[in-house]
Visitor: 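Shown below is the structure under consideration.
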Amino acid sequence: MGLLDQLTELEDAGEFARRHVAPGEAEIAAMLKEVGAESLDALVGRTVPAAIRGIDLSALPAAVNEAAAIAELRGLADSNRQVKSLIGLGYHGTHTPPVILRNILENPGWYTAYTPYQAEIAQGRLEALVNFQTMIGDLTGLPVANASLLDEATAAAEAMALAHSATRGKSTTIVVADDVLPQTLAVVQVRAEPLGYKVVTAAPSEIKAVVEAEAPFALLLQYPGRDGAVRDLAPEIAAVQAKGGLAIVAADILSLVALKPPGEMGADIAVGSSQRFGVPLGYGGPHAGYMAVKDAHKRLLPGRLVGVSVDVAGAPAMRLALQTREQHIRREKATSNICTAQVLLAVMASMYAVWHGPEGLKRIAARVHLQARLLAGASRFALRHAEFFDTIVLETGIETGAVMAEALQKGFNLRDVGGAVAIALDETVTREDLAALAAILGGTLGEAKGGIPAALARSSGFLTAEVFSTHHSEHAMLRYLKRLEDKDVALNRSMIALGSCTMKLNATAEMIPITFGGFANIHPFAPVDQAQGYITLIRRLESWLASVTGFAAVSLQPNAGSQGEYAGLLAIREWHKARGEGHRNICLIPSSAHGTNPASAAMAGMKVVVTACDRDGNIDVADLKAKAAEHAANLSALMVTYPSTHGVFEEAIQEICETIHAHGGQVYMDGANMNAQVGLTAPGRIGADVCHLNLHKTFCIPHGGGGPGVGPIGVAAHLAPHLPNHPLVAEAGPATGYGPVSAAPFGSAAILPISYAYIRMMGADGLTKATQVAILNANYVAKRLSGHFPILYRGKQGMVAHECILDCRGFQQGGGVLVEDIAKRLQDYGFHAPTMSWPVAGTLMVEPTESEPKAELDRFVEAMIQIRAEIRAVEQGRSDKQDNPLKNAPHTASEVMGSDWSHGYSREEAAFPLPWVRAGKYWPPVKRVDNVYGDRNLICTCAPLEDYAHKAFAQAAE
C-alpha cells in the first residue's frame, strides 16, 4: 500500500456510517449467531425475495466524514445570497429568541421526540401545544384551536373540507376572495378539483353579490389582504352565513395583535401560519399552520387537538383528544390525516409568545405598523390603499422597474404587483433599513400616512393565561423549557421502538447546518438566482433519492408523509386524465394498510375498495386479482406498503404489481417501511409507479414530537410530467404539473440539509449496511422474545423484515392484562411503548432500527421478559388481577414516595423492576390518563393547572 493510499485509509470516510449503525462487528456477529445466520448477506437472502434483490447505487457520491459534510453544506448555504426580503405573501423575517433556538430547535430533547400518543410520557410537549392552542384561540377570537397544521395554504384547504362537512354538502361551491395569497388559492384549487368542488374567485367589491348568486358552502377571505389592505370583513361574513355557508378567514398572526380578530367579526374558522412568531423563513418551511373554529365545529377539526383530562389519581393531565384516531377508525370516510401537524414549529411559536408575552407582542406589532406608516409617509408615490397593518403598496407606475432594481442593489427584495411596488415590513427591519428604503422612495422619514382604521383596531385582551406573563427573564424561560423537556421521553433518553415509524439516530452533524444563516434567512419567493445553494442541494437530493428508489424523478414539495400519499395519488389521477381515462377512480387498498392510505385516497377523489389479507398477514392475491378484474374498467391504483404493514417481505409483490398493470391501474407504494429496502431493493425495481418517502423516518429528519416531516414522492418516467408544481416558482416542478400541494415551492426546504448530510456521509455502502442491520436488529429482538411473546407474522423462511409484531391478545383471557397495560408498564422501565394495537388490535409492533446498539436492544428485551413474568404472576394467581404493577402503571414519584402504599406489591417492584432501571430512572410525571373523562369534559386551552386540579378533585369527590 502506497503512502497516499495509507492517507486515504486514515482519513476514514466511513467513520460516520460506523457511528450511525450502532452495533459493532462483534455485536453483529453475536446477533447473527442468535438468529442463525452466517452473515448479513445470508440474513438478507433469507428475508428479501431473490427476485427483487439488487439496486444500483453507483450514482450516489462517495461517503465523506462529518467535517467534510458540514463544510460542503456551509458552502451551499453561503452560495445563497442573503437579501432582506420584504416580499410578504405570508412569509416574514423574524428573530428567533436565542433561548428558544438553543433549547428547542437545537435540542434533541425536543426534536427527537415522537407524536404524543403515549400521553403520560409526553406531558411537556402537550403543555407546550396547549399553549399554542391558547395563543391561536386568543388571537383569532375563536374558542377552539388545533395543535397545528402543515402551513397556511393546506390549513385553508382543510378548512374548506371542514366547511363542506359542517354544511352537510348543501353546496359544492366555495367563493374565494381574489386577494387571498396566490399559493393558498392554488392549493385550495388543487384540493377542490378531485372532490368535485367549484372554486369561484371574486374581487372584494363583488364578494357579497357573488355569494348571493352562488350560495356557497364557504367563503375564504384574507386578512389583511394579499397586498396588505385592511377592511371590515363582517358584512361579507354575514352574507355567506345568511346563505347557510361558513366564513373562513386566513389571518396574519402578528396583525391580530393589533387588528380586530376574525372571531369578533363572526368568522366560523380562522387559519394561517405562525411562522413570523420566531420561526426562520427557511426557504418556505417547516412552519406551523393553525386553525381555530367556533365550538360547534370542534369535532370536525383536522389534525390534532390537545385536551386537558385527569389521571387515575385525579391529577390534571394532558392528552390528544377527540379526532386523534379518526384516520384509523373512519379510514376512507376520514376528512383529513392525523399526520398533518408541525409540532416542533408550533412549540417554537408558542414559546415566542410565552417569551414576549402580550405586552412584548404589542410592542413588536406596534413597531412594525409604525415602520409601514413612516415609509408610506416618506414615499413620493401614492398609496394604493390607506388602511394597512404592515404592508404598503406604492403606485410606482413606469418607475416600478427602477425602484425594484435600486432596492435590490441596496439589499432589499420588494414585490412587483403590476405597476406598483409592495413592501412588507417585519420585526427584523432596522431604523437604518427604513432610512435606506425611504431614500429609494424619494423621501425622508418623519411623516406618517395611513394605518389601521379605528373601527378595526383590537380592543379585546389576549394571552391572559399565567404562562404568558411568567417567563420573561432568561433564567425563568430556560428553566421552564427544561421542566417541560424533563417530563418527556425522547430518543436522547432511550430507544423508541415504534413499528412503521423508524425512530432512528438524528445525528448532530446532520442537524447543525439547518441553522446556518444562509439556509435560515431565505424567502421562498426570493428570485431563484439568490437561492442557488438551495437549488443545488435540492437537485442533488432529488437525484440521490431517485437512485435509491429506482425512479426517474422526485418532488420534494410534500411536507408530510400523508401529503406525499396525496400528491402521489394526484400524479396517478392526472396521468389517467391525460390519457383520456379520467373515469378511473377505484383505489384498491389491503385491509392491513396504514390508516392514512384510505384517507388520502378519499382526498384524491378515489373510491376505496378493500382487499383481503390471508392469515399470515399477506395480501390475499386471489382476492386482489378478483377485485382488480371486477373493477378493471375503472381501476386507478393500488396502494400497497412494502415490506408489508405486518413487517414481512411478501413473495408475491411483483405478481401483485403486474396484476394491477394488466388491468390498467398504477401501483402506489407507501414508503413508510423504506428503511428495509434501501440498498437491497427499490420500489422502481419491484414494479411500483410511485412511492412516497418519509425523510423523517428513513432519511433521519427527526420527528420533532409529531412534525416536521417531509414526504417527497418518486415516480416512474411516465408520471414525471404530473408531479406538483407551483404558481410562483417555475423551478418547483414541471410546467405540466397539476399545481401545488404545499404553500412553499419546495415544501420544508430548511430541513432538507439533514437528509442531504445523512446520504452524503453514509454513501452507498453505509446506506446498505444500515438496512441490513435494521433487519438484523428486528430479527434479534424477535428471536429473543419468541419464547415469551408469540411473533405474529414471519416471512417464507421464518424471518421478519425490519419490524416484528408481538401478539399480546392471549393475556387478556388468562389474566385480564391488556396491551395498554404492557405499554404503560414499559414507562416504568424508561421506555416508550412500541406501536400499540396496529395493524392488529392487541399487539405491539417493534422496530428497533439500525442505530440502536445491542446493549439497548438487550435492555428492551429484558424489560419485556420481566413484564411477561409479571403477566404470568397474574395468570397464576400470585398477583391480584386488578392490583398489580401492570394495571397500576405507570407509577409516579409522588405515588411511590407517598406516605400511603396500599398495593399488594412493593414500592421497589413498582419503580425499579430491574436493577439497571435505578441507574437512570425516568419518573412519569402523571399516572394513566383518563381519555374518556377528557373527551366528555373537553378543555383545550390553558388556565392555571391548579384550576383543573380543583375541578377534577371536586368531580372525583362527587
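All of these numbers come straight from a predicted model, not from anything done at the bench. What's counted below: heavy atoms across the whole structure, side chains too, no hydrogens, waters or symmetry copies.
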Visitor: If you define the side chain from C-beta out and look only at heavy atoms, does anything of Val44 sit under 4.5 Å from Arg53?
Guide: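 Yes. Closest side-chain heavy atoms under 4.5 Å.
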Visitor: Is there a side-chain contact (heavy atoms from CB on, under 4.5 Å) between Ile759 and Leu545 once you walk through the steps?
Guide: CA-CA 9 Å; Ile759 296 173; Leu545 294 175; 4.0 Å; yes
Visitor: Over all heavy atoms of both residues, which pair between Met845 and Pro834 is shortest? Give the atoms and the distance, please.
Guide: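 Looking at all heavy atoms of both residues, the shortest contact is O-CB, 3.1 Å.
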Visitor: Taking Glu655 first and then Lys625, would you say they form a salt bridge - that is, a charged N and a carboxylate O separated by under 4.0 Å?
Guide: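 Yes, charged N to carboxylate O under 4.0 Å.
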Visitor: Show your reasoning for whether side-chain contact (heavy atoms from CB on, under 4.5 Å) applies to Arg760 and Trp544.
Guide: CA-CA 9 Å; Arg760 192 71 178 91; Trp544 298 347; 3.7 Å; yes
Visitor: Any chance the rings of Tyr758 and His20 have centres within less than 6.0 Å?
Guide: yes
Visitor: With a 6.0 Å cut-off (strictly less than), is the heavy-atom count around CZ of Arg19, excluding the residue itself, greater than 12?
Guide: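 At most 12 heavy atoms, drawn from other residues, nucleotides or ligands, come within 6.0 Å of this atom.
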Visitor: On a heavy-atom basis, which atom in Gly550 and which in Ala682 lie closest, and how many Å separate them?
Guide: N-CB, 4.0 Å
Visitor: Do Asp41 and Ser39 pair up side chain to side chain, a donor and an acceptor below 3.5 Å, judged on atom types alone?
Guide: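 Their side chains do not contain a donor-acceptor pair, so the 3.5 Å distance test is not met.
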Visitor: Can a side-chain donor-acceptor contact be found between Glu651 and Asn618 if the only test is distance below 3.5 angstrom?
Guide: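 Glu651 and Asn618 do not have a side-chain donor-acceptor pair below 3.5 Å.
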Visitor: What do the steps show when you test Tyr756 against Arg540 for side chain to side chain donor-acceptor pair (under 3.5 Å), and what is the final call?
Guide: CA-CA 8 Å; Tyr756 181 103; Arg540 287 178 184 171; 2.7 Å; yes
Visitor: Side chains of Met799 and Arg794, heavy atoms from C-beta outward: is any pair under 4.5 Å?
Guide: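 A side-chain contact under 4.5 Å is absent here.
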Visitor: Does one side chain, of Gln666 or His718, offer a donor that lies under 3.5 Å from an acceptor on the other?
Guide: yes
Visitor: Side chains of Tyr922 and Ile121, heavy atoms from C-beta outward: is any pair under 4.5 Å?
Guide: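 They are in side-chain contact.
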Visitor: Would you indicate whether Asp623, at its atom CG, is surrounded by more than 12 heavy atoms from other residues, nucleotides or ligands within a distance under 6.0 Å?
Guide: yes
Visitor: Would Thr47 and Gln797 count as having a side-chain donor-acceptor pair, cut-off 3.5 Å?
Guide: no
Visitor: Pair Asp807, Phe789 - check side-chain contact (heavy atoms from CB on, under 4.5 Å), show working.
Guide: CA-CA 6 Å; Asp807 192 349; Phe789 297 82; over 6 Å; no
Visitor: With the threshold set at 4.0 Å, does a side-chain nitrogen-carboxylate oxygen contact exist between Arg825 and Glu870?
Guide: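 So Arg825 pairs with Glu870 through a salt bridge.
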Visitor: Do Tyr111 and Asn492 have side-chain atoms, one donor and one acceptor, less than 3.5 Å apart?
Guide: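 No pair is found: no donor N or O on one side chain lies under 3.5 Å from an acceptor on the other.
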Visitor: Does Asn65 reach the main-chain N or O of Ala68 with its side chain, forming a donor-acceptor pair under 3.5 Å?
Guide: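 A pair under 3.5 Å: yes.
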Visitor: Taking the side chain as every heavy atom from C-beta outward, state whether Gln677 and Ile686 have any atom pair closer than 4.5 Å.
Guide: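 Side chain of Gln677 against side chain of Ile686, heavy atoms only: contact under 4.5 Å found.
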Visitor: So, Asn675 versus Lys504: side-chain donor-acceptor pair below 3.5 Å or not?
Guide: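 Checked: Asn675/Lys504 side chains pair up, N/O donor to acceptor below 3.5 Å.
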Visitor: Would you check, one step at a time, whether the test salt bridge (Lys or Arg N to Asp or Glu O under 4.0 Å) holds for Lys769 with Glu25?
Guide: CA-CA 12 Å; Lys769 180 75 167 289; Glu25 293 305 316; 3.1 Å; yes
Visitor: Any carboxylate oxygen within less than 4.0 angstrom of a Lys/Arg side-chain nitrogen, looking at Glu852 and Arg859?
Guide: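 Arg859 and Glu852: not salt-bridged.
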Visitor: Test Lys854 against Asp858 for salt bridge (Lys or Arg N to Asp or Glu O under 4.0 Å), laying out the working first.
Guide: CA-CA 6 Å; Lys854 181 175 179 293; Asp858 287 337; 3.0 Å; yes
Visitor: Is there a donor-acceptor contact under 3.5 Å from the side chain of Glu803 to the main chain of Ser500?
Guide: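 Confirmed, Glu803 side chain pairs with Ser500 backbone.
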Visitor: Test side-chain contact (heavy atoms from CB on, under 4.5 Å) on Leu857 and Asn777; report intermediate values, then the result.
Guide: CA-CA 8 Å; Leu857 302 182; Asn777 281 358; 3.5 Å; yes
Visitor: Counting distance only, does the side-chain N/O of His646 pair as donor-acceptor with the main-chain N or O of Leu792 below 3.5 Å?
Guide: no
Visitor: What do you reckon, is CD of Gln813 surrounded by more than 12 foreign heavy atoms closer than 6.0 Å?
Guide: yes
Visitor: Are any non-hydrogen side-chain atoms of Val667 and His661 less than 4.5 angstrom apart?
Guide: yes
Visitor: Testing the 3.5 Å rule here: is there a donor-acceptor pair between the side chains of Asn506 and Glu510?
Guide: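 No - no donor-acceptor pair under 3.5 Å links their side chains.
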Visitor: Give, for atom CE of Met606 and atom CG of Leu570, the distance between the pair rounded to the nearest 0.5 Å.
Guide: 7.5 Å
Visitor: Assign the ring pair Trp916 / Tyr829 to parallel, tilted or perpendicular, where the plane angle (0 to 90°) is split at 30° and 60°.
Guide: tilted
